[in-house]
Q: 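Dropping a structure here in structure tokens format, bear with me for questions.
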Amino acid sequence: MQSSANQGIKKVVIAGGGTSGWVAAAALSKRLKGLVEVVLVESEEIGTIGVGESTIPPVQLFHNILGIDEQEFMRATDATFKLGISFENWGQIGDRYIHPFGTTGKGSFLTDFQHYYLHGQMLGVEASFGDYCYELQAAKAHKFGKSANSQISYAYHLDAGRYARFLRTFSESHGCRRIEGKIATVTQHQNGDIKSLLLASGEEVSGDLFIDCTGFRALLIEQTLQTGFVPWDHWLPCNKAVVVQTESAATIPPYTRAIAHDSGWQWKIPLQHRVGNGLVYAGDYLSDELAKQRLLDGLETPALFEPRFLSFQTGRRKKFWSKNCVALGLSSSFIEPLESTSIYLFMNGVVRLLRLFPFDGVRQALADEYNRQSISELEKIRDFIILHYHQTERTDSPFWNYCRTMQIPDSLAQRMELFRESAHAFQSGEEMFRLESWTHVMLGQRLQPKSYHQLVASLPEQELRQHLQNIRDTIGRAVEKLPSHRDFLRQYCPANDQ
């Protein structure tokens, strides 16, 4: 496979704006400046989903690659810091645990920390796994702080609409050209490659490489190239959401809340001047009317507008890169918002494209490797999300009965069995979630190991007790010194008035 005219890639056309489109534009215009022309086509008439307001730590790396100033970005996007996710009612009604960022405890080269923790439990050490994580304890205390000398792992909560506008300004400052218009037709070369986008105005936008950021419509990758779709709704049955923004609350916790209900879950994402709220649910188990009422009943502050509904299907395209088109964002795949991976996935998708960029023209080997890496990464994230639904003891509703008893992918079943039998967790190549993430969620949702690595038993009991106590004490002293999250935001990055 090669670009239609056997030419190099001189012009990239991004179809669609929103967060994914402008993330792609920012990366390509900054890193390929002087090498490739970048054009983005979007229509003001077409709204964006715009609810991806919670991120994970690799977003910082993406910003560093582009040279984006953190304080400027946070002021522009009403952003707050995020140290993890609080999961409520997932294992059983009344349960709560936090999946934190950052490391937990201190293990050894041969033995991960959870084995020390489990041995301590057996000896009667009364502490939770989360007591050994600095970020988790800071989150519980609603504290945050950073300096040149401190190490704290964090992500952001942000206003997705403001973030897209921020990236648009950034992209245009690096040479990206925006064209306003609604795409009416996609034209193709004889070999099937995409030739151009015909706009409703009659304007034709041609290019060498096309990026599909048209959301669930997948106008290029699916409607035009008919790439095919692999559904995952038998593992991830939630297919709807109702969302609303509310006035700011009295506190700004440095974490997202994910509160399970009888047919899905609800999110609460605190920004500086408002709170993002959404109820995710399975349409087969809950009506739209009841979902909306449940969302409104769970609000802590007044709503800023009438709730709006979204529908989606979980799954992925059979290819993320087909011919001379690369799909990013919702046009390529959708898992669901539970672990805030959407923004990360299209950031990593465009970074992967930069690494494999087809300067000399599209080659099949490049596309194949891009697809292999993308699918491998996505399926590991998929398994992690399924874990939250499947590893539950809830029996209070048909939804949870289905999730608890459903057949799961062999790759996930093997991980769960490994942890259940021997407390081993792992992080493989092309995998975003660390072994500690798996451990926090499995323990938090009541997957209790039957045994653990006996190497830790060779440590004298008093030495182990002291080791565990030292970790807790060090974290306690560090958290005590931190300012409140709200105070740090006010000093570090107060939101711009917009």
Side-chain angles (χ1 to χ4, degrees), residues 49 51-52 54 85 87-93 95 99 215-216 218 222 228-243 256-268 277-295 298 307-318 330-342 345 375 378-413 415-416 433 438 441-442 444-447:
I49 299 294
V51 296
S54 190
I85 303 172
F87 286 96
E88 303 166 37
N89 303 328
W90 286 82
Q92 286 187 1
I93 295 174
D95 284 358
H99 167 206
F216 288 125
E222 193 60 52
F229 189 77
V230 180
W232 289 340
D233 45 2
H234 50 298
W235 292 318
L236 297 167
C238 290
N239 55 9
K240 292 188 174 185
V242 55
V243 301
T256 301
R257 291 180 68 192
I259 308 158
H261 59 83
D262 63 22
S263 304
W265 63 283
Q266 180 175 357
W267 77 69
K268 295 179 185 289
N277 303 266
L279 191 97
V280 178
Y281 60 103
D284 290 344
Y285 298 93
L286 187 68
S287 70
D288 293 348
E289 183 180 347
L290 285 175
K292 177 182 174 181
Q293 192 57 51
R294 185 169 294 174
L295 174 69
R308 60 191 178 102
F309 288 90
L310 308 169
S311 295
F312 54 83
Q313 182 181 16
T314 54
R316 65 166 177 85
R317 301 294 158 201
K318 290 183 178 178
L330 301 178
S331 63
S332 69
S333 63
F334 188 71
I335 302 177
E336 72 144 85
L338 186 59
E339 281 280 357
S340 316
T341 56
S342 290
L345 281 168
I375 292 168
L378 190 73
E379 289 183 346
K380 290 177 174 64
I381 293 174
R382 174 205 67 191
D383 284 2
F384 188 60
I385 304 301
I386 297 171
L387 169 68
H388 296 65
Y389 286 102
H390 182 63
Q391 179 52 43
T392 182
E393 295 180 0
R394 289 187 61 157
T395 59
D396 57 293
S397 69
F399 173 82
W400 287 110
N401 286 336
Y402 171 79
C403 292
R404 192 186 68 256
T405 60
M406 67 183 173
Q407 192 77 17
I408 59 174
D410 291 343
S411 50
L412 174 58
R415 276 187 189 254
M416 293 178 67
F433 287 107
W438 285 89
V441 173
M442 288 190 284
Q445 297 196 201
R446 299 171 172 261
L447 181 56

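Remember, predicted model here, so these are calculated numbers, not experimental data. Heads up: numbering here begins at 1 and tracks the sequence.
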Q: Can a donor-acceptor pair be found, under 3.5 Å and without considering hydrogens, that links the side chain of Ser333 to the backbone of Gly315?
A: no
Q: How far apart are the closest heavy atoms of Ser54 and Thr256, and which atoms are they?
A: OG-OG1, 3.0 Å
Q: Which residues pass the ring-ring contact (aromatic ring centres under 6.0 Å, His included) test with Tyr281, sequence neighbours left out?
A: none
Q: How close do Leu295 and Pro307 get, heavy atom to heavy atom, and via which atoms?
A: CD2-CB, 4.3 Å
Q: Checking Glu222 side chain against Ser331 main chain: does a donor-acceptor pair fall under 3.5 Å?
A: no
Q: So which atom in Asp262 and which in Asp396 form the shortest heavy-atom distance, rounded to 0.1 Å?
A: CB-OD2, 4.0 Å
Q: Are the side chain of Trp90 and the backbone of Ala258 linked by a donor-acceptor contact shorter than 3.5 Å?
A: yes
Q: Could you tell me whether Phe384 and Trp438 have their ring centroids closer than 6.0 angstrom?
A: yes
Q: Would you say the side chain of Cys403 lies within less than 4.5 Å of the side chain of Pro237, judging by non-hydrogen atoms?
A: yes
Q: With sequence neighbours excluded, tell me which residues meet ring-ring contact (aromatic ring centres under 6.0 Å, His included) with Phe334.
A: Phe216, Phe312
Q: Walk me through it: do Gln407 and His234 pass the test side-chain contact (heavy atoms from CB on, under 4.5 Å)?
A: CA-CA 9 Å; Gln407 192 77 17; His234 50 298; over 6 Å; no
Q: For Val280, does its backbone N or O pair with a side-chain atom of His261 as donor and acceptor, under 3.5 Å?
A: yes
Q: I'd like to know if the side chain of Arg404 reaches the main chain of Arg394, judged simply by a donor and an acceptor atom lying under 3.5 Å from each other, with no hydrogens or angles considered.
A: yes
Q: Compare all side-chain heavy atoms of Asp288 with those of Val242 and state whether any distance is below 4.5 angstrom.
A: no
Q: Tell me if a side-chain donor or acceptor on Asn239 pairs with a main-chain N or O of Gly283 at a distance below 3.5 Å.
A: yes
Q: Hey, could you give me the CZ/OG1 distance between Arg382 and Thr341, rounded to the nearest 0.5 Å?
A: 13.0 Å
Q: Start with the C-alpha distance between His388 and Gln445, add both sets of side-chain angles, then the distance that settles side-chain contact (heavy atoms from CB on, under 4.5 Å), and finish with yes or no.
A: CA-CA 8 Å; His388 296 65; Gln445 297 196 201; 4.0 Å; yes
Q: Hey, what's the ring geometry for Trp267 with Trp265, parallel, tilted or perpendicular (30° and 60° as the breaks)?
A: tilted
Q: Could you pull out the closest heavy-atom pair between Ser340 and Ile85, with the gap in Å?
A: OG-CD1, 4.1 Å
Q: Does a side-chain heavy-atom distance below 4.5 Å link Asp284 with Tyr402?
A: no
Q: Taking the side chain as every heavy atom from C-beta outward, state whether Pro231 and Phe229 have any atom pair closer than 4.5 Å.
A: yes
Q: OH/Tyr389 to CD/Glu336 distance, rounded to the nearest 0.5 angstrom?
A: 3.0 Å
Q: Out of curiosity, Cys238 SG to Leu338 CG, how far, rounded to the nearest 0.5 Å?
A: 9.0 Å
Q: Determine whether a donor-acceptor pair (N or O, by modelled atom type, separation under 3.5 Å) exists between the side chain of Trp400 and the backbone of Glu393.
A: no
Q: Evaluate side-chain contact (heavy atoms from CB on, under 4.5 Å) for Met416 paired with His390, printing each intermediate quantity in order.
A: CA-CA 10 Å; Met416 293 178 67; His390 182 63; 3.9 Å; yes
Q: Looking at CG of Leu345 and CG of Leu330, how far apart are the two atoms once the value is rounded to the nearest 0.5 Å?
A: 10.5 Å
Q: Nearest heavy-atom pair of Arg294 and Ser263: which atoms, and what distance?
A: NH1-N, 4.3 Å
Q: Which is it for Gln391 and Met442 under the side-chain contact (heavy atoms from CB on, under 4.5 Å) test, yes or no, and what are the steps along the way?
A: CA-CA 7 Å; Gln391 179 52 43; Met442 288 190 284; 5.7 Å; no
Q: So how far is it from Leu236 CG to Ile385 CD1, rounded to the nearest 0.5 Å?
A: 7.5 Å
Q: Can you tell me how far the CG atom of Asp95 sits from the CD atom of Glu88, to the nearest 0.5 Å?
A: 10.5 Å
Q: Does any non-hydrogen side-chain atom of Arg316 lie less than 4.5 Å from one of Trp232?
A: yes
